[in-house]
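As C-alpha cells, the structure follows; a few thoughts come after it.
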Amino acid sequence: MKKLIVIGLLAAGLVAFVGVDVVRGALGRARDEIRESLTSQIPLRTQLAEAQAQIDAYAESVIRGEVAAENLTEMIRDVEREVRVLDVAVERERTALVAMRRGLEVVPTSTAQTDEEREAVRRTRLFRAKAELLDRRRQDLDRLQREHASTLASLDEAKHEQARLAE
C-alpha cells in the first residue's frame, strides 16, 4: 500500500513538474500511433513478414561476408607461404653472391669479362628481381591482412546489427 502511494506521489510530481499538457500530448501521440498501427492499410502480419524478409536478406549478406573472410584467410596463407619461400631463396642467393664476390675479388688476370663474371652479373640481376618480387608480395600480404581485419570487424558489426534487427 505504501509503495502504491509513493508511486502515485511520484507520478503526480512528475506530471506537475513536466506539465499536464506535455504528458497529455505524449500519451495522445502514443495512443494515435497504436491506433494507426492497428488500422493501417498494411496489416501487422505483413509488416512482420517484410521485416523477417529483410532480416533473412541481411543474414545472407553476413554469410557472404563470412565466405569472403574465409577466402581472404586462404589467400593470406598462400601469400605467407610464398613470402617464406621467396625469403629463403633471396637469402640463399645473397649468400651465394657474397661467396661469388669474394672469389671475384682475387687479383683479376685480364680485362676481358670471364664466364664467372658473367654468371655473377646474371645471378645479381636474378637476385634483384627476386628481392623486388619479395617486397611486392610482402606488401600484398600486409594489404590482405588489413583487408581481412576490416572484413572481420565489419562482420562482427553486421552480426550485432542482425541480432538487433531480429529483436
Side-chain angles (χ1 to χ4, degrees), residues 18 22 25-26 29-30 32-34 36-38 40-167:
V18 174
V22 174
R29 281 191 301 275
D32 291 341
E33 288 176 8
I34 292 171
E36 186 177 323
S37 70
L38 293 175
S40 70
Q41 294 175 353
I42 302 174
L44 186 58
R45 287 184 187 180
T46 305
Q47 290 176 359
L48 288 173
E50 288 175 9
Q52 186 61 46
Q54 289 175 351
I55 292 170
D56 292 343
Y58 204 80
E60 289 176 19
S61 297
V62 168
I63 290 170
R64 275 185 259 142
E66 288 173 340
V67 169
E70 288 175 16
N71 290 340
L72 276 173
T73 302
E74 290 175 18
M75 288 174 64
I76 288 171
R77 267 191 250 122
D78 292 343
V79 173
E80 282 176 338
R81 190 175 321 118
E82 185 179 348
V83 165
R84 282 192 303 270
V85 167
L86 280 171
D87 197 26
V88 168
V90 165
E91 200 53 44
R92 189 177 305 134
E93 193 65 29
R94 182 186 324 266
T95 305
L97 284 174
V98 167
M100 189 178 271
R101 181 178 177 189
R102 287 186 186 135
L104 290 174
E105 286 177 351
V106 178
V107 180
T109 55
S110 70
T111 58
Q113 195 175 30
T114 65
D115 289 339
E116 290 175 349
E117 291 172 335
R118 277 186 239 126
E119 177 66 15
V121 168
R122 185 189 69 75
R123 288 185 75 174
T124 301
R125 288 181 184 147
L126 181 66
F127 169 76
R128 287 181 182 154
K130 282 184 180 180
E132 287 176 16
L133 179 61
L134 176 61
D135 288 340
R136 283 196 308 266
R137 294 309 285 168
R138 281 184 176 154
Q139 291 171 359
D140 291 344
L141 179 60
D142 289 341
R143 182 185 49 80
L144 284 171
Q145 288 172 336
R146 285 191 308 272
E147 283 181 24
H148 186 256
S150 67
T151 300
L152 290 178
S154 296
L155 270 176
D156 191 39
E157 184 180 313
K159 286 178 182 177
H160 289 297
E161 184 65 22
Q162 180 184 11
R164 188 188 68 76
L165 285 174
E167 288 175 7

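Atom set for the values below is all heavy atoms of this structure, side chains included, hydrogens, waters and symmetry mates excluded.
For the atom pair CG (Leu86) and CD (Glu132), the distance works out to 12.5 Å, reported to the nearest 0.5 Å. The CD atom of Glu91 sits 10.0 Å away from the CG atom of Leu134 when rounded to the nearest 0.5 Å. Between the CZ atom of Arg143 and the CG atom of Leu141 there is a distance of 9.5 Å, given to the nearest 0.5 Å. Distance CG/Leu144 to CD/Gln139: 12.0 Å, rounded to 0.5 Å. Atom OG1 of Thr95 and atom CE of Met100 lie 12.5 Å apart (nearest 0.5 Å). Atom CZ of Arg123 and atom NZ of Lys130 lie 8.5 Å apart (nearest 0.5 Å).
Counting non-hydrogen atoms of neighbouring residues, nucleotides and ligands closer than 6.0 angstrom, the CD atom of Glu157 reaches no more than 12 such neighbours.
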Next on the checklist: As a quick check of understanding, evaluate salt bridge (charged side-chain N to carboxylate O under 4.0 Å, His left out) for Arg81 and Asp78, giving each step before the final call.
Outcome noted: CA-CA 5 Å; Arg81 190 175 321 118; Asp78 292 343; 3.4 Å; yes
Item to check | Audit row: Arg64, Val67, side-chain contact (heavy atoms from CB on, under 4.5 Å) steps and yes/no | outcome: CA-CA 5 Å; Arg64 275 185 259 142; Val67 169; 5.6 Å; no
Residues 148-155 side chain polar contacts: donor-acceptor under 3.5 Å, at least two apart:
| unit_1 | atom_1 | unit_2 | atom_2 | d |
| --- | --- | --- | --- | --- |
| His148 | NE2 | Thr73 | OG1 | 2.8 |
| Ser150 | OG | Arg146 | O | 3.4 |
| Ser150 | OG | Glu147 | O | 2.9 |
| Thr151 | OG1 | Glu147 | O | 2.7 |
| Ser154 | OG | Ser150 | O | 3.0 |

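Checked for salt-bridge contact, Arg84 and Asp87 miss the test: no charged N lies under 4.0 Å from a carboxylate O. Salt-bridge formation is not detected for the pair Glu80/Arg77: no Lys NZ or Arg NE/NH1/NH2 atom is positioned less than 4.0 Å from an Asp or Glu carboxylate oxygen.
The heavy-atom pair separating Leu97 from Phe127 by the smallest distance is CD1-CB, 3.5 Å.
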